[in-house]
Peer 1: 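Just passing along the structure, written as structure tokens.
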Amino acid sequence: MTSLSADVTTEVLVVGAGPAGLLLACELALAGVRTRVVDKRAQAHRESRALNLHPRSIELMDMRGLAGRFLAAGRTVPGWQFTASLKRPLDFTVLDTRHPYALLLAQSRTEALLAERARELGVPVHRGCEAVALRQDPGGAEADVDGPGGRVTVRAAYVAGCDGGRSFVREAAGIGFPGTPESMTAIVGDFAAADHADNELARRHGVLVARLEDGLTRFVVMDPARIRVPSTEPVTLEEFRTSLRQVCGTDCGIGRPRWLSRFGNATRLAETYRRGRILLAGDAAHVHFPVGAQGLNTGLQDAMNLGWKLAATLRGRAPAGLLDTYHDERHRTGRELTDLTRAQTLLVELPLTAPYGAAAGLLCELLDTLIGLPEVNRHLAGRLSALDTAYPPAGSGAHPLTGRRMPDIPLTTAGGTTTRLYEHLHDGRFVLLHLGGGGGPADRAYGAAHVRTVRALPAAPGEEPSSLPAATEVLVRPDGHVAWATGTTRPRDLRAERARALARWTSAHGAA
């Protein structure tokens, strides 16, 4: 942590040092963009808060060479609950990924690992510094920040609001936050003492139970008698014990609470993720009931999408309109997320509501049966894990890979070395992947240092994911999504397609 004691100028000011803000700062710094982070909290969160990373988020870390750090800090489980009202969890092991699991990792630990990476990249993180005023003009934006040394002004080309559901940046920018208000709450607690013999009994009654690091156990309880209590009302240990007894007949031996909280189902989506020089990511852009553990993960994916686009804009290598695609792509994803979580939340609430409880229980039994069907499990697991997130191509006739996430396929380079695709993404550049087996782009840079060319073949027949359409060339974005792909083999047509794709996405010339 560094002090902020005088007016400063930077290229990007990130407000909020949560997971989205820290990852965004890391992405910008990786691209050489001068970035500062401010956060009004004097210290990082010590509570566990959000609980896990889904497969796509682990892939994002793998793209930057960080997956090992995160996997070493947590514990993997083969799937996750679609909702707590269903007995059968989704099975992630069927997904086409090197990381077919959820990683149980407290948010506090995720933030610590990202803060460590930010330090390595030289990003100043100023804690105890609260943004209290925000202004923008055609040339940039500035924020007044109150901190230990008094009020200072930070001038930046762009300001990114990653400051949570009550975002000051969003409100100061005049961005609306429409949605549905809180109508239901649940309680969550992390306990140093618990009787694990009762864990399965609690789960059968819809209580989420998860063993955490440091000997803690997480319980999430929805007591029908208490689901209308406002989220602003504090939670006590006695209330938690009483609700557990009410729901499953035992208090599960809980004691020595480390963190108790109440959360609601308010669901809101920012009207826009960008207003001029102001951008939003993470909970500042979307809030919802934390069913399916999707919030933190979606925020990380926001940051990964925004980072390379903002860096390209600042470095003058962004084609016209590139930064606007951040809103276009992620707002659509945010809408899909909030729609899905509203449906999931209803599946949680209806069994707890007297007029619908019996019928809702039958509905949940039916859904448990359906999740047991491979095609249903695959569909819902793909959505929950974010592996199926795809951005629509701009025009018709695009290759089926376009807009999809590119799997981490094994590759054999021209020299016979076996690598993985994600190893070529560690420095955050585009990867132009030639899979034609001869006569390809070899090591040409195509006039752009930010495009790496890789000539390779899949390491062995059948090792590529079964869902991967055939292609001769693929342009992979820094966030791992496919900008362009083709199955063309005729050299003249291939050169023309490649040139158009490179110009559209990277401003590189793409000449043969």
Side-chain angles (χ1 to χ4, degrees), residues 16-19 39-52 83-85 106-111 127-128 130 163-168 171 177 179-195 198-199 202 205-268 282-284 286-291 293 295-296 341 345 348-349 352-353:
D39 193 294
K40 64 182 180 181
R41 294 169 295 166
Q43 301 292 332
H45 282 304
R46 295 184 178 180
E47 305 89 359
S48 56
R49 302 172 75 84
L51 193 59
N52 68 25
T83 77
S85 57
Q107 177 176 335
S108 55
R109 189 71 182 119
T110 295
E111 290 183 7
R127 293 199 176 274
E130 180 177 6
D163 49 340
R166 297 182 177 87
S167 171
F168 164 77
E171 293 181 1
F177 204 38
T180 57
E182 177 183 294
S183 63
M184 175 187 70
T185 60
I187 55 176
V188 57
D190 293 342
F191 301 91
D195 184 353
D198 293 330
N199 286 358
H205 287 85
V207 177
L208 187 150
V209 184
R211 302 283 291 275
L212 309 179
E213 62 265 27
D214 300 327
L216 299 178
T217 305
R218 160 77 55 89
F219 290 85
V220 180
V221 185
M222 299 194 67
D223 179 353
R226 303 284 293 170
I227 60 172
R228 307 304 177 197
V229 176
S231 59
T232 53
E233 182 172 316
V235 182
T236 66
L237 175 59
E238 188 52 42
E239 177 191 1
F240 221 106
R241 285 173 168 159
T242 300
S243 288
L244 278 172
R245 294 189 199 104
Q246 177 69 26
V247 170
C248 57
T250 173
D251 66 7
C252 298
I254 59 170
R256 290 186 286 156
R258 296 287 181 85
W259 178 55
L260 299 172
S261 185
R262 196 185 314 271
F263 56 91
N265 66 331
T267 303
R268 300 187 182 279
D283 288 355
H286 41 75
V287 296
H288 54 86
F289 198 64
V291 62
L296 182 152
T341 54
T345 302
V348 174
E349 182 177 10
L352 304 175
T353 308

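What you see below is based on every heavy atom in this structure, not just the backbone, and it leaves out hydrogens, waters and symmetry mates. This structure is a prediction, so every number in the text was calculated from the model and none was measured. This chain uses plain numbering: 1 for the first residue, then up along the sequence.
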Peer 1: So which heavy atom on Ala84 is nearest to which on Val348, and how close?
Peer 2: N-CG2, 4.4 Å
Peer 1: Could you walk me through whether Trp259 and Leu216 satisfy the side-chain contact (heavy atoms from CB on, under 4.5 Å) test, starting with their C-alpha distance in whole Å, then the side-chain angles of each, then the deciding distance to 0.1 Å, before giving a yes or no?
Peer 2: CA-CA 10 Å; Trp259 178 55; Leu216 299 178; over 6 Å; no
Peer 1: Just verifying a value: how many Å separate Cys252 SG and Asp198 CG, rounded to the nearest 0.5 Å?
Peer 2: 5.0 Å
Peer 1: Counting only N and O atoms by type, is there a donor-acceptor contact under 3.5 Å from the side chain of Arg226 to the main-chain atoms of Glu239?
Peer 2: no
Peer 1: For the pair Phe177 and Val287, evaluate side-chain contact (heavy atoms from CB on, under 4.5 Å) and give the outcome as yes or no after the intermediate values.
Peer 2: CA-CA 10 Å; Phe177 204 38; Val287 296; 3.9 Å; yes
Peer 1: When rounded to the nearest 0.5 angstrom, what distance separates CG in Leu212 from CZ in Phe191?
Peer 2: 11.0 Å
Peer 1: Would the distance check show the side chain of Arg262 and the main-chain N or O of Pro234 forming a donor-acceptor pair, the cut-off being under 3.5 Å?
Peer 2: yes
Peer 1: Would you say Thr267's side chain and Asn265's backbone share a donor-acceptor pair under 3.5 angstrom?
Peer 2: yes
Peer 1: Taking all heavy atoms of Arg127 and all of Arg41, pick out the closest pair and write down the distance.
Peer 2: CB-O, 3.2 Å
Peer 1: Using 0.5 Å steps for rounding, measure from the CE atom of Met222 to the CD1 atom of Ile227.
Peer 2: 5.5 Å
Peer 1: Applying side-chain contact (heavy atoms from CB on, under 4.5 Å) to Ile187 and Leu260, what does each step give before you reach the verdict?
Peer 2: CA-CA 7 Å; Ile187 55 176; Leu260 299 172; over 6 Å; no
Peer 1: What I want to find out is whether Arg228 reaches Glu182 closely enough, with some N-O distance under 4.0 Å, to be called a salt bridge.
Peer 2: no
Peer 1: Tell me if a side-chain donor or acceptor on Asp39 pairs with a main-chain N or O of Ala17 at a distance below 3.5 Å.
Peer 2: yes
Peer 1: Quick check on Arg258: does its CZ atom have over 12 non-hydrogen neighbours (other residues, nucleotides or ligands) under 6.0 Å away?
Peer 2: no
Peer 1: Give a yes or no on whether the backbone of Asp163 and the side-chain of Ser167 come within a donor-acceptor separation of less than 3.5 Å.
Peer 2: no
Peer 1: Looking at Leu244 and Ile254, what are the two nearest heavy atoms and their distance?
Peer 2: CD1-CD1, 3.7 Å
Peer 1: Report the C-alpha separation of Ser231 and Thr185 in whole Å, then their side-chain angles, then the decisive distance to 0.1 Å, and conclude whether the side-chain contact (heavy atoms from CB on, under 4.5 Å) test is met.
Peer 2: CA-CA 6 Å; Ser231 59; Thr185 60; 4.1 Å; yes
Peer 1: So which heavy atom on Arg268 is nearest to which on Pro181, and how close?
Peer 2: NH2-CA, 3.9 Å
Peer 1: Heavy atoms, side chains only, cut-off 4.5 Å: are Thr242 and Glu238 in contact?
Peer 2: yes
Peer 1: Identify the two heavy atoms, one from Val221 and one from Val207, that lie closest to each other, and give their separation to 0.1 Å.
Peer 2: CG2-CG1, 4.0 Å
Peer 1: Is any side-chain heavy atom of Gln107 closer than 4.5 Å to a side-chain heavy atom of Pro19?
Peer 2: yes
Peer 1: Tell me every residue that passes ring-ring contact (aromatic ring centres under 6.0 Å, His included) with Phe168, counting only those two or more places apart in sequence or in another chain.
Peer 2: none
Peer 1: How many angstroms lie between atom CG of Asp251 and atom OG of Ser243, to the nearest 0.5 angstrom?
Peer 2: 11.5 Å
Peer 1: My understanding is that only residues two or more places apart in sequence, or in another chain, count here; which of them pass side-chain contact (heavy atoms from CB on, under 4.5 Å) with Pro290?
Peer 2: Phe263
Peer 1: How close do Phe219 and Ala194 get, counting heavy atoms only, and between which atoms?
Peer 2: CE1-CB, 4.0 Å
Peer 1: Measure the CZ-CZ distance between Arg241 and Arg245 for me, rounded to the nearest 0.5 Å.
Peer 2: 7.0 Å
Peer 1: Does atom CZ (Arg211) have a neighbourhood of more than 12 heavy atoms from anything else shown, all under 6.0 Å?
Peer 2: no
Peer 1: To the nearest 0.5 angstrom, please state how far the CG atom of Asp190 sits from the CG atom of Leu51.
Peer 2: 8.0 Å
